[in-house]
There are 2 protein chains.
Amino acid sequence: MTPAAPRDCAEASSTPKSRAPVSADIRLLGIATEHLARLGPKRVTVVAVAAEAGMTHANVYRYFPSKDALLDAVAGRWLRDVETRLAGIADAPDPADDKIERLLVALAALQRDALTSEPNLFAVHLDATVAARPIARRHRVRLRSLVERVVEEGITSGIFSARDRERAIAYIFDASYRFTHPLAIQHDADVPHDLIEARFGAVIHAIQRVLRAGVL
Amino acid sequence: MTPAAPRDCAEASSTPKSRAPVSADIRLLGIATEHLARLGPKRVTVVAVAAEAGMTHANVYRYFPSKDALLDAVAGRWLRDVETRLAGIADAPDPADDKIERLLVALAALQRDALTSEPNLFAVHLDATVAARPIARRHRVRLRSLVERVVEEGITSGIFSARDRERAIAYIFDASYRFTHPLAIQHDADVPHDLIEARFGAVIHAIQRVLRAGVL
DNA sequence: AAAATGACAGCTTTCGATTTCTGTCATTGC
DNA sequence: GCAATGACAGAAATCGAAAGCTGTCATTTT
């Protein structure tokens with residue numbers, strides 16, 4: 001069962017260029033994504049991923065420096081997708097306070113969705129976050145710059161009146177930590193959504209008030 | 001080394017009543033506390049605790065229904081101590097907004113101290129919290145009532161003007177989660193204290209403003 | 001009757017041996 | 001010269017057997 005011969009597979013033949021225009025690293029990423037979803041990070045093996053890609057496991061190391069780097073790359077692709085969606089919110093022509101709300105709500109919702117629909121992917125994300133691995137640090141930096149943009153815009157448009165932008169940004173992340181940090185999201189995975197949303201709503205409302213009042 | 005014969009021990013002889021006025025359950029609790037600190041929850045054994053108390057392990061089950069219950073009782077004693085210190089703050093004749101600040105700061109500090117000086121005790125506390133075991137739920141209830149008292153007092157004294165008390169209390173816990181929840185405290189165990197305190201200060205300041213403004 | 005015990009079943013941990021996996025490298029094929 | 005490989009060392013997972021621990025209970029002790 002689960003034959004190891006991918007030769008006659010519909011999407012890729014044994015010769016790399018024949019039908020699939022995807023480069024080897026992207027193909028490996030796709031296979032690793034599927035293995036991760038099915039087996040979890042612990043049971044994913046470089047050997048099996050390589051075999052499904054029709055190559056020796058040694059060759060995988062030409063594209064990814066380690067198994068962890070491969071799994072982080074899988075998570076990284078999802079994180080990029082999350083950031084893209086959030087950027088859509090941050091770039092919309094809405095008032096800054098609305099955008100902060102939508103940004104935080106979306107960040108929480110996307111992660112909750114991942115936790116339920118792709119628990120293994122979420123586990124890698126969580127692990128990378130807790131261990132502060134590069135993939136997570138870079139995600140944080142980009143998240144921060146999204147929030148920064150909105151805060152900046154809020155200040156110049158007069159909606160927000162924070163004195164210290166850095167302080168304001170840190171405050172936004174700290175105050176919303178309860179509902180946006182992967183650790184917290186996993187912790188109340190089985191708390192009813194509407195209960196969470198009600199409480200998150202109160203916190204967001206408070207954040208907006210504080211930013212408008214410029215108490216930082 | 002570490003002889004297993006507690007007979008000639010200075011604090012307790014083989015006959016329970018001779019010199020030590022502590023009841024058997026308290027003595028077990030003390031021994032378990034020391035074992036936990038030294039070995040960690042995983043390596044504590046009911047057999048060893050019983051042996052040091054001069055009884056058979058089966059007899060321990062007369063006083064504690066399970067090993068986990070014994071360890072939770074050890075953590076529970078510490079939690080009670082924390083609550084007592086916090087009650088001292090809540091009962092002081094200070095303005096309610098000051099008391100909220102001192103309460104939250106003390107809650108964070110006591111846990112950070114425990115994390116460094118009694119990591120195994122903290123581990124049990126954290127585990128009980130994440131698993132929502134009775135010991136942690138009861139602690140949460142008592143913490144909540146402390147905060148409730150202060151909020152109540154703030155409202156009647158006119159310092160706070162929250163409409164919905166329940167909502168205000170939930171908000172306080174949610175907004176301070178980043179700095180008071182054991183999960184978060186463990187997560188940034190190695191972040192410099194002064195950095196944490198600066199950011200916590202901003203969050204507390206915001207909480208006070210929100211409570212005074214009565215935005216909830 | 002209350003306190004404690006020995007003996008026991010079942011589960012978990014430990015340990016050592018074996019297999020599998022990760023990561024490296026010299027070499028081959030194109 | 002780039003892509004890929006086979007072979008290898010060291011680390012880690014796996015497995016089965018042995019040991020230890022948890023929790024229960026009938027019985028003994030006081």
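The chains referred to below are lettered A, B, ... by the order of the sequence lines, with proteins before strands, and numbering in each begins at 1.
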Salt bridge (Lys or Arg N to Asp or Glu O under 4.0 Å) contacts touching residues 179-191 of chain A (sequence neighbours left out): A:Arg178-A:Asp188
Does B:Phe173 have any ring pair (Phe, Tyr, Trp, His ring centres under 6.0 Å) partners at least two apart in sequence or in another chain, and if so, which? none
Kindly write out the residues that satisfy side chain to side chain contact (heavy atoms under 4.5 Å, CB included) with B:Ala58, not counting sequence neighbours, or none if the list is empty. B:Thr56
Please tabulate the protein-to-nucleotide N/O contacts below 3.5 Å involving nucleotides 12-16 of chain D, giving atom names and distances.
residue: D:dA13; atom: OP1; partner: A:Lys42; partner atom: NZ; Å: 2.6

Can you tell me how far P of D:dG6 sits from CE of A:Met55, to the nearest Å? 13 Å
To the nearest Å, how far apart are A:Arg62 CZ and D:dC2 C1'? 6 Å
Contact state string [nucleotides 20-28 of chain D, B base, S sugar-phosphate only, - no protein heavy atom under 4.0 Å]: -SBBBB---
Ring pair (Phe, Tyr, Trp, His ring centres under 6.0 Å): pairs with one or both residues in residues 46-79 of chain B, sequence neighbours excluded: B:Trp78-B:His125
May I have the distance from A:Asn59 (atom CG) to C:dT28 (atom P), rounded to whole angstrom? 17 Å
For residues 63-75 of chain A, which residue pairs qualify under salt bridge (Lys or Arg N to Asp or Glu O under 4.0 Å), counting only residues two or more places apart or in two chains? A:Asp72-A:Arg133
Residues in side chain to side chain donor-acceptor pair (under 3.5 Å) contact with A:Glu101, at least two apart in sequence or another chain: A:Gln208
Atom CD1 in A:Ile169, atom CZ in A:Arg144: separation rounded to 0.5 Å? 4.5 Å
Mind checking if A:Tyr63 touches a base, just sugar-phosphate, or nothing, with heavy atoms under 4.0 Å? sugar-phosphate
Residues 103-123 of chain A vs salt bridge (Lys or Arg N to Asp or Glu O under 4.0 Å), sequence neighbours excluded, gives A:Arg112-A:Glu197
